[in-house]
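To start, the structure itself, in C-alpha cells.
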Number of protein chains: 2
Amino acid sequence: MDVKMLCLGVLSRGESTGYEIRKQFEEGSFAHFQDAGYGSIYPALKKLTDEGLVQGVDQRQDGRPDRKVYRITSRGRQALYDAVNGPLAEDKFRSDFLFMLCFADLVSPRELDRRIDERIAHHRAMLEQLHCDGGCGGTPAGLDFARRYGCAIHSAAIEFLEGHRHELVGALLQKQVAE
Amino acid sequence: MDVKMLCLGVLSRGESTGYEIRKQFEEGSFAHFQDAGYGSIYPALKKLTDEGLVQGVDQRQDGRPDRKVYRITSRGRQALYDAVNGPLAEDKFRSDFLFMLCFADLVSPRELDRRIDERIAHHRAMLEQLHCDGGCGGTPAGLDFARRYGCAIHSAAIEFLEGHRHELVGALLQKQVAE
DNA sequence: AGGTACATGTAAGCTGTTACATGATTTT
DNA sequence: AAAATCATGTAACAGCTTACATGTACCT
C-alpha cells in the first residue's frame with residue numbers, strides 16, 4: 001500500500017484535510033503500522049484528485065489558514081475495496097535497534113542499559129496511545145482488532161525486554177571482565 | 001542503517017560474498033528485521049570498497065561462477081562501531097495486513113479467515129527459522145538476544161491471532177446477517 | 001526438458017524523505 | 001518573547017525495487 005491508498009483509507013472514514021490525515025499516521029489508529037509525512041501526503045492527494053478518487057473543496061477560515069477538505073468519491077471507495085481484496089505485500093520491518101543489539105558487544109553495557117530503558121519507555125508510550133483511542137462503541141470491528149493486535153505486540157516486547165535484559169547486559173559485563 | 005551498514009555488519013562476522021550476504025537477509029539471523037536484494041547489495045559493496053571499508057578478492061571456481069569474497073577492513077570496523085554507537089533511527093514498520101484488517105468490513109468473512117490462517121502460518125515459519133539457527137554455543141550474546149526477541153514477537157502475534165480471530169470474524173458475520 | 005542453485009552486476013524508475021517557503025494565532 | 005499549532009505546498013535528493021543481461025551445473 002502506498003501513501004495514496006493510506007489516504008484513501010483515512011478518507012473512507014470521513015472527510016479530512018492533508019494536515020489531519022498526517023495526524024492519523026502520527027497519533028491516530030494507523031500510527032503503529034504506517035507512516036507518512038506532508039511531503040508524501042500532499043502529492044498523494046493531488047494524484048488522487050487527478051484520478052477522480054477524491055474531491056477537494058477549499059474552505060476559508062478566519063483566524064486560521066484556509067484548508068482544503070477532501071472527500072472520497074464512489075470510484076475511490078471502489079479502488080479501496082479492490083486494494084483491500086487484492087494481493088497484499090508482505091510486512092516490512094526495519095529496526096536499527098535490533099541491528100544494534102546484534103552488535104551489542106561494540107556498545108558499553110552502561111549505554112546499552114540506557115538504550116533498553118529508552119526502548120521500553122517507547123513501547124509503553126505506544127501502548128498508552130493505543131489504549132487511549134480504543135473502546136468507544138462506534139469503532140469498526142477490524143480497526144479495533146488492529147489496535148488490540150498492536151497492544152499485544154508492544155506488550156510482548158516490553159515483557160521480553162524486562163524479562164531478559166539482565167541476561168544480555170550480564171553476559172557483556174562478564175566478557176568485559178574476562179578481557 | 002542503510003544497506004551499506006547492513007553489509008558491513010554481516011562482514012564483521014566473517015568474510016562473505018554478495019550472494020551469501022543476501023541469504024543472511026532472506027534466511028539468516030537478520031531476516032526478521034532487515035531486508036535487502038541484489039540490486040542494493042552489489043552497489044553497496046562497491047561503494048564500501050571505494051571508501052576503503054571493505055576489500056574484495058576475486059576467486060575462481062570451476063564448475064561454478066567465479067565469486068568475489070569481501071573482507072572488512074579496520075576502517076570498516078571503526079565505521080560499524082561508530083554507526084552502532086551513534087544515534088539510531090526509529091523502527092519502521094509497514095503492514096498491509098494490518099491495513100487490510102482496519103477495513104475488514106470490505107472483505108468477506110471467508111476470505112478474511114483464510115488470510116488469518118495464512119498469516120499464522122507465516123509467523124510459524126518465521127519462528128521455526130529463528131529457532132533453527134540459534135542455540136549453538138559460539139553465538140554472540142547480542143545476536144542471540146535479537147533472535148529471541150524475534151521469537152517473542154512472532155509468538156505473541158500467533159497467540160493474539162489464535163485467541164481473538166473468532167471475535168472479529170464473528171462480529172463481521174453478525175453484521176452481514178443484520179444487513 | 002525444465003527448474004533451481006550458484007554468481008555478479010547495471011540501468012531505469014518509483015517512492016518517500018528532507019529541507020525549504022510562508023504566515024497567523026494561541027499557548028506557555 | 002518564544003514555542004507550538006494550524007495549514008499547504010514544492011523541489012531536490014536519497015534509497016530501494018524491478019527488470020534486464022549472462023552463463024554453468026545439478027536435480028527431477
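Atoms considered below: every heavy atom in the structure, side chains included; atoms not considered: hydrogens, waters and symmetry mates. The structure displayed is predicted, hence computed values, not measured ones. In what follows, chains carry the letters A, B, and so on, assigned in the order in which the sequence lines appear, proteins first and then strands, with residues in each chain numbered from 1.
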- Query: To the nearest Å, how far apart are B:Tyr70 OH and C:dA7 C1'?
  - Reply: 12 Å
- Query: Any side-chain N or O of B:Arg94 less than 4.0 Å from the OP1 or OP2 oxygen of C:dG16?
  - Reply: yes
- Item | Between C1' of C:dC6 and CD of B:Glu26, the distance in whole Å | 13 Å
- Does B:Tyr38 have B:Arg22 sitting over its ring (NZ/CZ under 6.0 Å from centre, angle to axis within 45°)? yes
- Message: Closest-nucleotide mapping onto DNA chain D: is B:Lys4 or A:Pro43 further toward the 5' terminus? I mean the 5' end.
- Response: A:Pro43
- Backbone N or O of B:Asp35 within a donor-acceptor pair of the A:Arg94 side chain at under 3.5 Å? yes
- Let me know the distance between CG of A:Asp66 and P of D:dG9, rounded to the nearest Å. 11 Å
- Here the distance between atom P of D:dT8 and atom NZ of A:Lys23, to the nearest Å, is 11 Å
- Query: Is any side-chain nitrogen or oxygen of A:Lys68 closer than 4.0 Å to OP1 or OP2 of D:dG9?
  - Reply: yes
- Query: Is the count of non-hydrogen atoms from other residues, nucleotides or ligands lying under 6.0 Å from B:Glu20 atom CD greater than 12?
  - Reply: yes
- Task: From the options A:Thr73, A:Leu53, A:Val84, select the one residue that forms a side-chain contact (heavy atoms from CB on, under 4.5 Å) with A:Leu8.
- Result: A:Leu53
- To the nearest Å, how far apart are B:Leu45 CG and C:dA7 P? 15 Å
- Would you say a side-chain N or O of A:Ser40 is under 4.0 Å from OP1 or OP2 of C:dT17? yes
- Between B:Gly39 and A:Gly37, which is nearer to the 5' end of DNA chain C once each is assigned its nearest nucleotide? B:Gly39
- Message: Keeping A:His131 on the side-chain end and A:Leu127 on the backbone end, is there a donor-acceptor pair under 3.5 Å?
- Response: yes
- Given D:dT8, is OP1 or OP2 found less than 4.0 Å from the side-chain N or O atoms of A:Tyr19? no
Can you give me the N/O atom pairs linking the protein to nucleotides 23-28 of chain C at distances under 3.5 Å, or say none if there are none?
residue	atom	partner	partner atom	Å
C:dT25	O4'	A:Gly63	O	3.4

- Out of D:dC16, D:dA7, C:dG9, whichever nucleotide has its closest atom nearest the side chain of B:Val3: D:dC16
- Message: For D:dC16 and A:Lys92 - does any side-chain N or O of the residue sit under 4.0 Å from the phosphate oxygens OP1/OP2?
- Response: no
- Does the ring centre of A:Phe145 sit less than 6.0 Å away from the ring centre of A:Tyr149? no
- Message: Tell me the interatomic distance from B:Tyr42, atom OH, to D:dA21, atom C1', rounded to whole angstroms.
- Response: 14 Å
- Is the A:Phe93 ring parallel, tilted or perpendicular to the B:Phe93 ring (thresholds 30°, 60°)? perpendicular
- Query: Whole Å only: how far is the CD atom of B:Gln61 from the P atom of C:dA5?
  - Reply: 17 Å
- Message: Tell me whether the rings of A:Phe25 and A:Phe30 are parallel (<30°), tilted (30 to 60°) or perpendicular (>60°).
- Response: perpendicular
- Winner on side-chain proximity to A:Asp2, out of D:dT8, C:dG9, C:dT15, is C:dT15
- Note on the structure: Taken to the nearest whole Å, CD/A:Gln34 to P/C:dT15 is 15 Å
- Query: Is there a side-chain polar atom (N or O) of A:Lys46 under 4.0 Å from OP1 or OP2 of D:dT10?
  - Reply: yes
